[in-house]
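Heads up, the thing below is written out as structure tokens.
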Amino acid sequence: MSRIETIATTETQSMGEYAKLIEANKLDNAPILTLGGTGKMRKQWVTVLDERTRFNHVMADGQIQFLTVPFQVGGDKMMAPGDSSMGASVGNFINCRCTIFYIYPRDEETA
């Protein structure tokens with residue numbers, strides 16, 4: 001993959017996941033981009049499990065947090081896959097193919 005393709009893929013993934021997080025926050029009526037987990041909706045890290053997946057992301061797979069609480073990924077804090085806003089290392093966000101599954105309180109009640 002060329003450097004241009006790597007940058008494009010990384011930025012597209014990051015913005016897509018961030019947009020989903022903002023929309024989930026709106027649905028949850030939680031304060032956007034603040035820590036504390038005051039809303040009821042939660043998020044789950046979902047990893048593509050194949051031979052290309054980095055160890056830190058395999059370990060993060062299935063991790064559940066409130067929307068406003070960062071995931072812990074290999075010692076880095078990440079609000080979503082591809083997020084570098086909290087100082088995540090390049091090795092944790094470049095070419096990330098992970099996504100977030102959102103858990104609504106009513107989903108847990110019916111499970």
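We number each residue from 1, following the sequence as shown. Atoms considered below: every heavy atom in the structure, side chains included; atoms not considered: hydrogens, waters and symmetry mates. Computed from a predicted model, the values in this text were never measured in an experiment.
- Side-chain contact between Asp76 and Phe71: absent, with no pair of heavy atoms (C-beta onward) separated by less than 4.5 Å.
- A side-chain donor-acceptor contact under 3.5 Å links Lys43 to the backbone of Met79.
- One finds the SG atom of Cys98 at 7.5 Å from the CG atom of Asp61 (value rounded to the nearest 0.5 Å).
- Nearest heavy atom pair, residue His57 against residue Cys96, reads CE1-SG, 3.4 Å.
- Taking NZ of Lys26 as the reference point, atom CG of Leu67 lies at 13.5 Å (rounded to 0.5 Å).
- A pairwise comparison of heavy atoms in Phe93 and Met78 identifies CB-CE, 4.1 Å as the closest pair.
- Of the options Val73, Ile100, Ile64, Thr99, a side-chain contact (heavy atoms from CB on, under 4.5 Å) to Trp45 is made by Val73 and by none of the others.
- Nearest heavy-atom pair, Pro70 versus Met86, reported as atom, atom and distance to 0.1 Å: CB-SD, 3.7 Å.
- Thr53 OG1 to Arg97 CZ: the interatomic distance, rounded to the nearest 0.5 Å, is 4.5 Å.
- Between atom OG1 of residue Thr68 and atom CG of residue Leu21 there is a gap of 9.0 Å, rounded to the nearest 0.5 Å.
- Scored by the salt bridge (charged side-chain N to carboxylate O under 4.0 Å, His left out) test, Glu11 finds no partners at all (sequence neighbours excluded).
- The shortest non-hydrogen separation linking Val90 to Arg54 is O-NH1, 4.5 Å.
- Across all non-hydrogen atoms, the minimal contact from Glu17 to Tyr102 is O-OH, 4.2 Å.
- Looking only at side-chain heavy atoms (C-beta outward), Gln72 and Lys77 come within less than 4.5 Å of each other.
- More than 12 non-hydrogen atoms from other residues, nucleotides or ligands lie less than 6.0 angstrom from CG of Leu49.
- Remark: of the listed residues Ile7, Thr6, Thr12, Thr6 is the sole one forming a side-chain contact (heavy atoms from CB on, under 4.5 Å) with Thr10.
- Closest non-hydrogen pair, Gly82 versus Ser14, comes out as O-OG, 3.1 Å.
- A heavy-atom distance below 4.5 Å is not found between the side chains of Asn95 and Gln13.
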